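Bear in mind the structure is a predicted one, so any value in this text is a computation, not a measurement. Just so you know, residue 1 is the first one in the sequence shown, and it goes up from there.
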Amino acid sequence: MDHTFRWQKSSFSDGGNGNTCVEVAATPAAVHLRESDAPGDELVTGVAPLAYLIRGLKAGAGVSARGCRGATPR
């Protein structure tokens with residue numbers, strides 16, 4: 001795993017103990033997501049599938065697997 005990514009914490013993260021947040025790192029080819037308490041586990045996806053998922057969650061709708069293709073756990 002490449003640790004040279006510039007990880008950013010979500011603005012919605014709990015600031016309590018410092019490790020209850022989601023972090024994101026964007027590269028030209030992919031978006032990398034991880035939890036700070038398990039930085040060795042990443043989800044790698046493209047911008048379009050992630051945007052589809054976020055739009056669906058914001059709308060309160062169930063998101064089909066069709067929109068999540070391309071997400072790969074690492």
Side-chain angles (χ1 to χ4, degrees):
M1 179 181 330
D2 185 356
H3 292 284
T4 61
F5 294 141
R6 184 171 175 259
W7 292 99
Q8 297 178 335
K9 291 185 180 184
S10 167
S11 60
F12 292 98
S13 296
D14 176 10
N17 62 12
N19 64 349
T20 55
C21 62
V22 173
E23 298 175 332
V24 64
T27 66
V31 178
H32 303 257
L33 301 157
R34 70 180 184 186
E35 290 189 49
S36 25
D37 62 344
D41 298 329
E42 284 180 35
L43 178 69
V44 181
T45 188
V47 173
L50 182 58
Y52 179 85
L53 174 65
I54 292 170
R55 278 194 309 272
L57 293 172
K58 284 183 175 181
V63 179
S64 73
R66 176 184 60 83
C68 296
R69 248 184 272 159
T72 337
R74 278 198 186 181

Side chain to side chain contact (heavy atoms under 4.5 Å, CB included) partner of C21, the single match among Q8, E35, R34, K9: K9

Please find the pair of heavy atoms, one from F5 and one from T27, that lie closest to each other, and give the distance. CE2-CG2, 3.4 Å

Of all the heavy-atom pairs spanning V44 and A30, show the shortest one and how long it is. CG1-CB, 3.7 Å

Does a side-chain heavy-atom distance below 4.5 Å link L33 with L50? yes

